[in-house]
Amino acid sequence: MVPNLLKKFKYSSIDKCITNSSSYANQDISDIAVFYQLQMSNFPCFICNSPFFVLHKPSSRRKDRSSTGQGKLRKRNELSSPQNTKKQEGSVNEECDHHLFKPLQIEAFNSVWSRIESTIKDVLRDLNSSAFKDIQLWILECFNAARLHGEPNITEATRSFPILSNATPGQLSTALVITRNIEFVDDILTFEELGHFLKSHGCHVAKLSSVDFSMKNGIAGCLKALLREFPLGEIDSADISILASWYREQDNNNKPLVLIISDLERCCGSVLTEFVLMLSEWVVKLPVILIIGVATTVDALRNALPSRALQCLCSSKFMIGTPDERMDTIVEAVLVKHSTTFNIGHKVALFLRNYFINQDGTLTSFIRALKLACLLHFSMEPVSLIHGLMLAEDQKDWISALSPEILLKYMDEFPSYDRSQIANQAGKSIAQGLSDLMTEKRLWSTAVLCLCEAGKYSKVRLLDLFCEVLNPDLYPHRDSVCHIRNEKDQGLSSTNGHSQQYSSVQTGGLIRQIVRKVRDLPTGALGQLIKSWEKLTADISEIHDKLKTFQSSVRCEDRRSPRKSSKDISKRYGSKASLDTDNESTMLNLQAVAFIDCLVRNYMRPIECMPFHEISCFKNVEKLQVVLIGDPRRRIQADLLDSHKILSCGCCNKTGNALLPSRQDSSILYSLAQEHGDLINLHDWFQSFRTILHQTNKRKPKSKQSPQPKKRKDTAGSGDQNEASIQARFCRAVTEMQITGLLRMPSKRRPDFVQRVAFGL
Amino acid sequence: MNMDEIMDEEEEEFEFSRNYFLAKEHGSSSAKKSTNKLTDINLVDEQELREASLHIQPKHEKEIACLMDSYKNMYPEWVLALRSGFSLLMYGFGSKKVLLEDFASTALTEYSVVVINGYLQTINLKQVLITLAELLHGQVKAKRKASSRDLPKSQQPSISQSIEDLLTFLDEAEIEEDGYVICVIIHNIDGPGLRDFETQQYLARLAACTHICIVASIDHVNAPLYWDKNMAHTQFNWCWYHVPTFAPYKVEGMFYPLILAHGGANQNVKTATIVLQSLTPNAQSVFKVLAEHQLSHPEEGDDLYSVCRERFLVSSQVTLNSHLTEFKDHELVKIKRDSDGQDCLHIPLAAEALQKVLLEIS
């Protein structure tokens with residue numbers, strides 16, 4: 001019978017793919033037999049067995065935007081079977097409430113994120129613009145030089161083979177763009193921008209990546225990818241001459257032909273060599289200008305290509321900004337300058353910073369994390385919609401969706417709202433509160449920018465400073481930076497808890513570090529700093545006036561009646577000041593310090609301490625972390641070990657962490673596996689599994705106290721059955737663990753052992 | 001960074017490596033101690049085992065249903081993430097097939113939904129792409145009919161198109177209403193049929209297409225290793241959701257052999273018999289000669305060719321070798337080196353099992 005089965009299934013369409021599988025061809029005969037039997041038992045289940053299928057097509061109602069909710073409701077009811085319609089009704093209504101907000105949430109998110117995204121793009125473009133311009137000029141030079149060298153005449157150009165003569169050495173102009181970035185993912189965007197930039201400046205641009213230079217596809221794959229970049233129509237064979245003749249026809253040859261290879265280090269060296277040699281042969285007919293992205297150093301090119309290929313390249317070097325520079329510019333533009341658009345709380349900022357510095361190091365991930373934070377903010381915080389309202393151009397929809405009653409209801413739940421009430425602002429209307437928030441944020445961002453400008457002299461990175469100024473724990477104790485400094489000088493900080501906390505972010509605290517540096521800054525640098533402050537505060541009259549006041553107080557000769565704050569400071573630094581008696585530059589330094597002090601005290605209230613900040617500030621770091629970085633290795637193991645907690649069932653939680661037979665089988669088995677070393681003896685493992693399961697069989701008769709002969713006979717009769725079921729449960733649990741990849745199966749060498757793969761959570 | 005955090009992280013890493021070495025140490029010592037064999041367990045007949053595995057009583061059905069229900073509250077959040085250009089990646093212990101399909105049929109009714117069963121052994125990705133392109137093409141056509149405008153005809157997706165063309169179509173197809181998306185649900189994107197790098201790259205490129213959004217599930221703890229940063233952060237752009245369901249891996253585990261059925265003596269007899277019965281009578285007889293010899297002289301080798309020739313089973317060494325190759329391919333016979341250092345043929349079955357096989361085929 002079995003051979004017949006074999007025949008039958010060999011030709012069944014569903015199994016075709018599996019019988020072809022090479023992995024099974026090499027398997028034990030037993031596996032194959034097992035497999036066919038399995039197939040037989042599961043044959044009717046088409047949906048499970050078919051590699052893919054269309055679950056459903058879109059509901060016809062979707063076009064009608066206004067009735068989205070109803071349409072969905074109807075569709076859902078159609079889908080649900082009559083039996084469970086009733087049961088679902090409640091949840092459907094509930095969902096409808098959610099759906100009411102959904103389009104608005106999406107709109108709000110889109111409006112906010114598109115602003116941030118375009119800001120990021122602009123910032124990166126500006127950052128790269130000088131390098132891009134240099135590259136473009138260089139391309140023009142190369143192009144003109146190639147033209148001067150002499151264009152091939154018609155007969156030469158229409159020949160089907162390359163022109164090579166001793167006079168033309170066949171060198172390819174090559175720009176090596178040093179990205180100084182180990183992770184290529186950030187450079188993808190940079191080179192895309194470069195491509196757009198060059199296209200807009202009249203170049204033909206083709207982009208290839210390391211994927212096109214793979215050993216598997218060889219030079220043909222790489223040529224195909226190259227030809228696909230140009231509008232050549234249908235191509236039968238990959239031949240460079242097609243491109244050459246395209247370039248010669250019409251007016252295509254008036255523009256330089258630029259080829260960007262974005263990641264040199266990841267390309268297959270031999271394919272790249274072949275490609276370079278081929279291009280150099282064709283260089284007269286097809287004067288390609290190469291731009292190669294190099295992540296490490298120029299040496300990378302020497303390592304990747306042999307000398308005969310290197311000879312064909314005439315290379316120039318260009319540098320673009322480091323990830324750190326780019327990061328600071330983005331933080332400045334998005335989180336500080338545009339702080340009215342979207343903010344993050346201190347913990348979120350700290351998490352993003354640590355993630356960037358310690359784990360990922362790519363700007364792409366940082367931007368992605370920011371986007372996710374923004375999305376989570378709109379999906380979790382109902383009041384975030386107000387933010388959308390403030391930014392949206394057409395406010396009608398929003399106003400109708402968010403009635404004042406709903407708003408008030410949410411507002412009442414704000415912790416910061418209460419705080420503001422305490423601060424005697426109860427009488428203020430919401431609108432007033434919001435407008436105050438905007439003003440305060442604007443002042444805040446100017447203050448941070450001023451501080452950052454001063455921080456440049458002590459090489460403080462904006463990202464670090466940003467984290468520090470957001471810290472709400474430090475705020476109450478940051479009344480005066482100078483004051484803290486003074487205490488520290490007097491050795492009081494060792495007993496002061498807040499000071500310790502303050503210094504925990506960075507040794508000495510960044511703001512203090514900046515203050516110290518500004519105090520000792522030479523006059524020239526200080527002058528520059530003050531000028532840049534003037535520029536930064538130009539639009540914010542409140543801070544600008546303060547700056548002017550400080551400046552004028554220095555100029556004022558009458559030192560007997562200085563402003564209170566400067567008097568304070570001259571007192572505090574009395575000892576220092578006495579050393580440089582009546583030194584005007586020291587006075588200026590002190591005034592600068594006083595200005596910083598004033599900024600920190602008056603304008604740098606962390607966003608989390610501002611009333612109504614919840615509208616635009618995302619603080620839920622745990623949620624962000626979970627959604628951003630999955631941790632399957634740890635979490636899947638934890639699922640197995642703590643299944644009873646996740647399922648929150650009454651039966652398994654009784655005796656703490658003791659293994660009860662009522663637990664999930666795989667959970668029992670994995671907990672037992674923890675007692676073994678890296679190798680688990682299958683026999684022992686099975687026996688302990690059986691022992692755990694038998695605990696019920698022993699307990700049950702005792703509790704029932706009815707060991708009637710008839711029943712006993714039954715249990716004895718089902719002994720074999722029990723054994724089979726225990727073995728089957730063991731098998732199932734092992735299979736499940738195999739699927740999760742926590743076990744390596746017995747090998748031929750060790751037929752009685754499985755191997756553990758994960759150790760510890 | 002906070003010093004405490006640094007300490008915590010270091011401690012964590014140290015803990016991890018310590019665990020590994022402890023386990024290694026423990027393993028090497030206990031491996032010496034425990035020499036128990038799987039065969040010592042009184043294994044039930046495979047048929048019975050299989051039967052029993054079909055009727056395993058599920059545990060905590062109510063709690064599992066509650067857990068699944070609790071994830072329904074997250075549907076709006078998931079939809080929002082999908083619509084904002086993220087893909088969803090579900091992980092956690094338990095089969096997520098039902099959850100994902102329920103999510104699709106309740107919350108994604110606005111989209112076409114295509115399901116890929118990644119747990120199967122082989123999946124033809126090109127076929128999937130053609131189906132997706134056909135769905136999109138159909139939508140484009142319907143749209144044009146509705147707006148009754150003449151637009152340049154785009155090519156009907158077909159088998160002759162390359163994967164590249166299909167992906168380009170899915171990315172660039174002109175649809176005025178940019179909201180039109182096809183959602184692809186991939187059960188076990190870490191499954192055996194999708195595990196190679198090339199497939200993962202195509203999937204990543206698919207995920208990056210304008211008109212596609214992806215909801216996938218993983219079960220393997222090391223699944224993230226399939227993706228480099230570009231794939232994970234830019235193309236797939238995953239949002240991770242931890243959704244343990246504890247639902248049994250019924251379909252996902254379908255293709256895994258049962259561990260206790262695998263090595264049993266009965267099973268070997270059965271499978272050896274199946275293979276032998278499908279061979280020619282002569283081949284069977286050659287096997288018999290070999291088996292009888294192994295039973296009577298367990299420690300000695302002999303000249304198989306001359307014996308077989310005497311019994312008119314084979315006419316030449318070539319014929320014998322072809323039989324032997326067949327045996328070796330099916331692991332009926334193995335080459336063992338005897339005490340003199342000579343290669344010997346050996347049937348990897350216990351004497352008892354071998355006798356049973358002989359009985360079965362004669």
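Everything numeric in this text was worked out from a predicted model, so none of it was measured. Note on naming: letters A, B, ... go to the chains in the order of the sequence lines (proteins, then strands), and numbering restarts at 1 for each one.
Nearest heavy atoms, A:Ile739 versus B:Tyr249: CD1-CB, 3.8 Å. Nearest heavy-atom pair, A:Phe184 versus B:Asp228, reported as atom, atom and distance to 0.1 Å: CZ-OD2, 4.1 Å. Closest approach of B:Pro257 to A:Thr735, counting heavy atoms only: O-OG1, 4.4 Å. The nearest pair of heavy atoms linking B:Val221 to A:Gly741 is CG2-O, 4.0 Å. The shortest non-hydrogen separation linking A:Gly630 to B:Tyr91 is CA-OH, 3.7 Å. Pairing each heavy atom of A:Cys649 with each of B:His60, the nearest pair is SG-NE2, 3.3 Å.
Inter-residue side-chain proximity for B:His242 and A:Asp631 is flagged as unmet; no heavy-atom pair is nearer than 4.5 Å. In this structure, B:Phe86 and A:Val627 have side chains that are not in contact, with every pair of non-hydrogen atoms separated by 4.5 Å or more. Side-chain contact between B:Val128 and A:Pro51 is absent, with no heavy atoms from C-beta onward closer than 4.5 Å. Between B:Thr131 and A:Phe53 there is no side-chain heavy-atom pair separated by less than 4.5 Å.
Using a 4.5 Å cut-off between heavy atoms, A:Val54 touches chain B through backbone and side chain atoms alike. For chain B, no part of A:Ser667 is nearby; none of its heavy atoms comes within less than 4.5 Å. Using a 4.5 Å cut-off between heavy atoms, B:Leu132 makes no contact with chain A at all. For chain B, the nearby part of A:Lys216 is the side chain; its heavy atoms alone come within less than 4.5 Å. For A:Ile629, the part sitting under 4.5 Å from any heavy atom of chain B is the backbone (N, CA, C, O) and nothing else. Of the two parts of B:Pro248, the backbone and the side chain both hold a non-hydrogen atom closer than 4.5 Å to a non-hydrogen atom of chain A. Heavy-atom distances place both the backbone and the side chain of B:Ser84 under 4.5 Å from chain A. For A:Arg750, no part lies under 4.5 angstrom from a heavy atom of chain B. Neither the backbone nor the side chain of B:Ile182 comes within contact range of chain A, judged by heavy atoms closer than 4.5 Å. Proximity to chain B involves both the backbone and the side chain of A:Asp665, based on heavy atoms less than 4.5 angstrom apart. Contacts between A:Ser643 and chain B at a heavy-atom distance below 4.5 Å involve backbone atoms as well as side-chain atoms. In this structure, chain A has heavy atoms under 4.5 Å from both the backbone and the side chain of B:Ile116. Neither the backbone nor the side chain of A:Met380 has a heavy atom closer than 4.5 Å to any heavy atom of chain B. Heavy atoms closer than 4.5 Å to chain B are found in the side chain of A:Thr362, but not in its backbone. Heavy atoms closer than 4.5 Å to chain A are found in both the backbone and the side chain of B:Ala81.
Atoms CG and CG, on B:Asn230 and A:Asp186 in that order, are 10.0 Å from each other to the nearest 0.5 Å. Summarising the geometry, atom CZ belonging to B:Phe93 is positioned 8.0 Å from atom CD belonging to A:Gln664; distances are rounded to the nearest 0.5 Å. How far OG1 of B:Thr234 is from CZ of A:Arg368: 8.5 Å, rounded to the nearest 0.5 Å. Distance check: A:Arg732 CZ to B:Leu54 CG gives 8.5 Å after rounding to the nearest 0.5 Å. Rounding to the nearest 0.5 Å gives a distance of 7.5 Å between CG of B:Asn124 and CZ of A:Phe52. Atom CG of residue B:Leu260 and atom CZ of residue A:Arg729 lie 13.5 Å apart, to the nearest 0.5 angstrom.
Applying the 6.0 Å contact sphere to NZ of B:Lys250 captures no more than 12 heavy atoms from other residues, nucleotides or ligands.
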Assess the residue pair A:Asp639 and B:Phe246 against the criterion (side chain to side chain contact (heavy atoms under 4.5 Å, CB included)); give the C-alpha distance rounded to whole Å, side-chain angles, the decisive distance to 0.1 Å, and a yes or no.
CA-CA 9 Å; A:Asp639 290 347; B:Phe246 293 97; 4.1 Å; yes
Going through the distances and angles, do A:Phe109 and B:Leu80 end up as a side chain to side chain contact (heavy atoms under 4.5 Å, CB included)?
CA-CA 10 Å; A:Phe109 166 75; B:Leu80 196 62; 5.9 Å; no
Let me see the working for A:Leu628 and B:Trp240 under side chain to side chain contact (heavy atoms under 4.5 Å, CB included), right down to the final yes or no.
CA-CA 6 Å; A:Leu628 184 72; B:Trp240 293 77; over 6 Å; no
For side chain to side chain contact (heavy atoms under 4.5 Å, CB included), just list the numbers for A:Ile646 and B:Glu63, CA-CA rounded to whole Å, side-chain angles, deciding distance to a tenth of an Å, and then say yes or no.
CA-CA 9 Å; A:Ile646 296 170; B:Glu63 283 84 0; over 6 Å; no
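Between chain B and the options A:Ile357, A:Leu376, A:Leu640, the largest number of non-hydrogen pairs under 4.5 Å is found for A:Leu640. Highest contact tally toward chain A, considering only B:Leu67, B:Asp219, B:Val115, B:Ile186, is held by B:Val115 [criterion: heavy-atom pairs under 4.5 Å]. Chain B forms the most heavy-atom pairs under 4.5 Å with one residue out of A:Leu742, A:Val734, A:Leu375, and that residue is A:Leu375. Of the listed residues (B:Asn188, B:Val114, B:Val113), the one with the most heavy-atom contacts under 4.5 Å to chain A is B:Val113. Most heavy-atom pairs under 4.5 Å with chain B: of the set A:Asn110, A:Leu682, A:Val754, this distinction falls to A:Leu682. The candidate with the highest count of non-hydrogen atom pairs below 4.5 Å against chain B, out of A:Arg756, A:Arg690, A:Lys224, A:Lys371, is A:Lys371. In terms of heavy-atom pairs under 4.5 Å with chain A, the best-connected choice from B:Gln201, B:Glu164, B:His187 is B:Glu164. Note: B:His233 leads B:Glu252, B:Gln57, B:His233 in heavy-atom pairs under 4.5 Å with chain A.
Between the B:Lys229 side chain and the A:Asp360 main chain, a donor and an acceptor come within less than 3.5 Å of each other.
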